[in-house]
Protein chains: 2
Amino acid sequence: MVANKPTIKDVARQAGVSIATVSRVMAKKANTYTPQTAQRVWDAAAKLGYQKNSAAAELATRSSDKIAVIVSNPPTNFSTGILDGMQQTALAHNHHIIILYAGNHSPQLLHQAIKDATAGPRAGILLIGSQIDPQSLKMLQDSQLPVRLVSNYSYELPLQFISSDNTELAAQSVEYLIKKGHRRIGLFGIDHSHTGLQRRAGYQKAMYEHHLPIEQDWIQYGNYSYEAGQTIMQYWADLKLSAVVAASDLVAMGIMRQAAQMGIKIPQDLSIVSIDGTFLCEVTDPQLTSVTQDFYQIGVNSVLDLLGNAPSELVPFKLVERGSVAEQPK
Amino acid sequence: MVANKPTIKDVARQAGVSIATVSRVMAKKANTYTPQTAQRVWDAAAKLGYQKNSAAAELATRSSDKIAVIVSNPPTNFSTGILDGMQQTALAHNHHIIILYAGNHSPQLLHQAIKDATAGPRAGILLIGSQIDPQSLKMLQDSQLPVRLVSNYSYELPLQFISSDNTELAAQSVEYLIKKGHRRIGLFGIDHSHTGLQRRAGYQKAMYEHHLPIEQDWIQYGNYSYEAGQTIMQYWADLKLSAVVAASDLVAMGIMRQAAQMGIKIPQDLSIVSIDGTFLCEVTDPQLTSVTQDFYQIGVNSVLDLLGNAPSELVPFKLVERGSVAEQPK
DNA sequence: CTGAAAGCGCTTACAG
DNA sequence: CTGAAAGCGCTTACAG
């Protein structure tokens with residue numbers, strides 16, 4: 001025989017006031033009650049173990065303090081930094097984040113997640129690494145909610161975003177390698193999504209600007225995965241590359257592993273700079289030089305932007321030198 | 001001038017029926033409407049882009065199809081397998097999971113997450129890797145919701161759970177090492193939580209059963225992290241261990257890295273078996289032999305159990321041999 | 001400062 | 001098979 005959860009009515013009775021008053025003090029509406037009555041309400045609520053039913057509150061106000069963040073299963077696990085940033089920032093602004101999991105790039109699961117996200121009142125929607133197809137876009141727009149793409153973007157989409165600059169990420173990786181004397185530089189592991197294309201563009205731009213030719217097959221596609229890195233690396237000998245920029249830390253690791261099996265020394269025989277810069281870069285031997293994204297800040301800016309402040313689209317990244325790049329004699 | 005989101009009333013008007021009828025066909029209440037009226041309702045809903053307001057529905061029914069899963073930031077990233085399993089299973093049973101992020105073992109964030117989880121109607125609560133303190137327990141109990149611990153447990157807590165058997169995880173790692181001829185075996189990286197203690201107990205049990213002494217300092221505490229593995233490994237020389245079981249894949253990696261710096265060869269000088277068996281084990285060189293948990297199944301069973309089926313507490317794991325254990329001449 | 005009352009968008013006996 | 005009506009637990013003008 002379990003007691004039902006106490007409602008605002010129970011608290012009102014216990015405190016000897018009306019439910020309107022309880023509602024006001026729970027919501028801390030300034031200047032609408034005396035300290036005394038507030039205290040009685042607090043006491044009654046505590047005694048009863050009262051907790052506001054958010055479904056009722058959201059229905060009444062037709063609004064919510066919940067930000068739905070949809071995360072598409074990232075092959076590489078950069079998302080926890082982003083989530084940390086979102087979490088902290090949301091809390092600091094009296095908001096909450098609820099995470100909806102959209103699996104690994106299955107449009108179905110993404111649609112499901114968007115549907116869940118828009119099925120009730122929401123402060124807004126944040127999508128981490130999701131591939132937006134036309135139907136997703138329509139659902140998002142129909143919801144009339146503020147939405148932001150996080151960590152990926154396309155200028156062709158009518159959606160705002162918060163991300164590192166993919167083009168520059170790749171371009172600066174190449175610049176760095178060139179500065180170290182490399183000329184035969186490849187790009188391994190990108191896919192054909194906007195992100196992949198943007199990185200490819202950055203790679204090409206940097207090579208062109210330094211009048212370096214790009215031979216066929218220097219750009220190798222994958223899906224940012226460890227396996228892709230391994231597979232692609234098998235063809236390295238034919239490519240005669242002295243350096244490569246890896247599309248993600250995971251592909252960098254795959255490259256290293258395959259290299260080890262082929263007797264190729266990193267960085268003596270092959271230099272690598274990795275895009276992402278997660279903890280994985282410090283775990284390999286040698287450690288991976290990377291262009292590291294500020295995932296935490298991306299998370300912070302996402303919710304700030306969503307909430308109407310700090311409208312910054314691109315967040316800075318930085319190149320951190322570790323041990324996977326060697327100077328190349330010219 | 002944006003149209004407001006259509007409600008059940010709009011659909012009713014559009015379809016020329018009452019809102020009660022709309023409600024029934026949207027909920028697919030069998031035998032309560034003709035195919036004709038159903039069709040008209042579907043059409044009206046589609047035309048208007050109607051979507052049920054879940055806050056209103058939950059308020060009316062005082063129930064929900066949402067399972068709140070609280071995830072405490074795991075140092076190691078085993079949780080995506082669990083989440084995948086939960087997701088699939090929930091969907092198959094017409095439920096949804098929403099994830100609440102509880103940061104890295106901050107009681108505050110955990111309380112916040114529990115509060116969020118219990119602030120509205122819920123089908124139940126699943127907690128992945130959370131340290132349950134008395135206040136958390138009380139909040140959970142006050143909610144009167146079904147709750148399950150996932151991937152960690154304590155027989156002292158009045159909470160059901162779904163997890164691998166921590167004691168056996170460690171015991172079988174030790175057994176395996178003994179079978180390979182090792183006698184001086186350590187346990188690195190556990191903490192003082194229930195999980196750590198259970199693994200320690202398993203280690204001790206296996207050693208005792210084989211009449212092997214456990215010298216002081218063979219058990220080294222950490223927090224399942226990469227850094228812990230590195231730090232602990234610095235004292236290895238004094239310990240004269242021929243093998244070690246690592247409390248997580250991450251500590252195993254930390255151990256390997258430190259070993260490399262110290263010129264210690266794996267597995268010739270030191271054998272390692274790692275607890276967890278995530279993809280990280282296949283990424284090192286040599287690959288890590290591990291006692292691998294079936295995270296996906298843990299996720300599946302969690303929701304099945306929560307929903308009232310398949311009440312299995314412990315889910316089987318298996319030892320997978322890779323390259324980090326060498327035969328030890330007796 | 002406080003209460004009575006209407007309303008948020010649904011669901012579900014109850015009649016018919 | 002279908003509709004009118006009450007109710008879910010809140011919030012918020014509106015009076016006083």
Side-chain angles (χ1 to χ4, degrees), chain A residues 3-42 44-45 48-66 94 115 118-122 143-144, chain B residues 3-42 44-45 48-66 94 115 118-122 143-144:
Chain A
N4 276 315
K5 293 192 72 172
T7 71
I8 198 175
K9 230 183 251 176
D10 301 307
V11 179
R13 189 179 314 122
Q14 174 76 221
V17 297
S18 72
I19 63 167
T21 296
V22 175
S23 177
R24 288 190 200 101
V25 352
M26 297 308 282
K28 298 191 205 290
K29 295 264 177 212
N31 302 114
T32 67
Y33 50 82
T34 64
Q36 290 67 224
T37 74
Q39 194 54 246
R40 285 168 52 203
V41 172
W42 297 130
L48 265 32
Y50 170 73
Q51 187 171 12
K52 189 189 293 187
N53 180 330
S54 67
E58 292 180 346
L59 179 58
T61 61
R62 268 145 288 139
S63 76
S64 169
D65 59 0
K66 298 196 182 82
N94 287 311
K115 199 171 155 191
T118 57
R122 291 285 116 92
S143 77
Q144 303 172 212
Chain B
N4 276 314
K5 292 191 72 171
T7 71
I8 198 175
K9 228 183 253 174
D10 301 308
V11 178
R13 189 179 314 121
Q14 174 76 221
V17 297
S18 72
I19 62 166
T21 295
V22 174
S23 178
R24 288 190 198 101
V25 352
M26 296 308 281
K28 298 192 205 290
K29 296 265 180 213
N31 301 113
T32 66
Y33 50 81
T34 63
Q36 289 68 223
T37 75
Q39 194 53 247
R40 284 166 53 201
V41 172
W42 297 130
L48 266 31
Y50 170 72
Q51 187 170 12
K52 188 189 292 185
N53 180 330
S54 67
E58 291 179 346
L59 178 58
T61 60
R62 270 146 287 140
S63 76
S64 169
D65 60 1
K66 297 195 181 82
N94 287 310
K115 199 171 156 194
T118 57
R122 290 284 116 93
S143 76
Q144 303 173 213

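Every heavy atom of this structure was used, including side-chain atoms; hydrogens, water molecules and symmetry mates were not. Within every chain, numbering begins at 1; the chains are lettered A, B, ... in the order of the sequence lines, protein sequences first and strands thereafter.
Inter-residue side-chain proximity for B:Asn53 and B:Thr7 is flagged as unmet; no heavy-atom pair is nearer than 4.5 Å. Considering only heavy atoms from C-beta on, A:Val22 comes within 4.5 Å of A:Met26 through its side chain. Looking at A:Lys5 and A:Tyr50, their side chains never come closer than 4.5 Å, going by heavy atoms from C-beta outward. By the 4.5 Å heavy-atom criterion applied to side chains, A:Pro6 and A:Gln14 are not counted as neighbours.
The distance from atom OH of A:Tyr33 to atom P of D:dT11 is 13 Å, rounded to the nearest whole Å. Atom pair A:Lys9:NZ and D:dC10:P shows a separation of 10 Å (rounding to whole Å applied). The interatomic distance linking A:Leu59 (CG) with D:dT12 (P) rounds to 12 Å, in whole Å. When rounded to the nearest whole Å, the span between CG of A:Asn53 and P of D:dT11 equals 10 Å. As rounded to whole Å, 11 Å separates atom P of C:dG9 from atom NZ of B:Lys5. In this structure, the NZ atom of A:Lys29 is 15 Å from the P atom of D:dC10, given to the nearest Å. Residue B:Asp10 contributes atom CG, which lies 11 Å from atom P of C:dC8 at whole-angstrom precision. Nucleotide D:dG9 holds its P atom 14 Å from the CD atom of A:Gln51, rounded to whole Å.
Comparing A:Ser18 and B:Ile19, the nucleotide of DNA chain C nearest to each residue sits closer to the 5' end for A:Ser18. Nearest-nucleotide positions on DNA chain D place B:Ala60 closer to the 5' end than the other of A:Thr21 and B:Ala60. If you find the closest nucleotide of DNA chain C to B:Pro6 and to B:Arg24, the one lying nearer the 5' end belongs to B:Pro6.
Closest to the side chain of B:Thr37, from the set D:dT2, C:dT12, C:dC10, is D:dT2. You'll find that the side chain of A:Ile8 is closest to D:dC10, out of C:dC10, D:dC10, D:dT2. Out of C:dT12, D:dC10, C:dG3, the shortest distance to the side chain of A:Ala20 is found at C:dG3. You'll find that the side chain of B:Ala57 is closest to C:dT11, out of D:dT12, D:dC10, C:dT11. Distance from the side chain of A:Arg62 is smallest to C:dC8 among C:dC8, C:dT2, D:dC8.
Among the atoms of the strands shown, only primed sugar atoms or phosphate atoms (P, OP1, OP2) are found under 4.0 Å from some heavy atom of A:Thr7.
Under 4.0 angstrom from either OP1 or OP2 of D:dG9 there lies no side-chain N or O belonging to A:Lys52. Dashed line: the shortest gap from a side-chain N or O of B:Ser23 to OP1 or OP2 of C:dT11 is under 4.0 Å.
With rounding to the nearest 0.5 angstrom, the OG atom of B:Ser54 is 11.0 Å from the CG atom of B:Leu59.
Under the Watson-Crick or G-U wobble criterion, with both distances below 3.5 Å, C:dC1 is paired with D:dG16.
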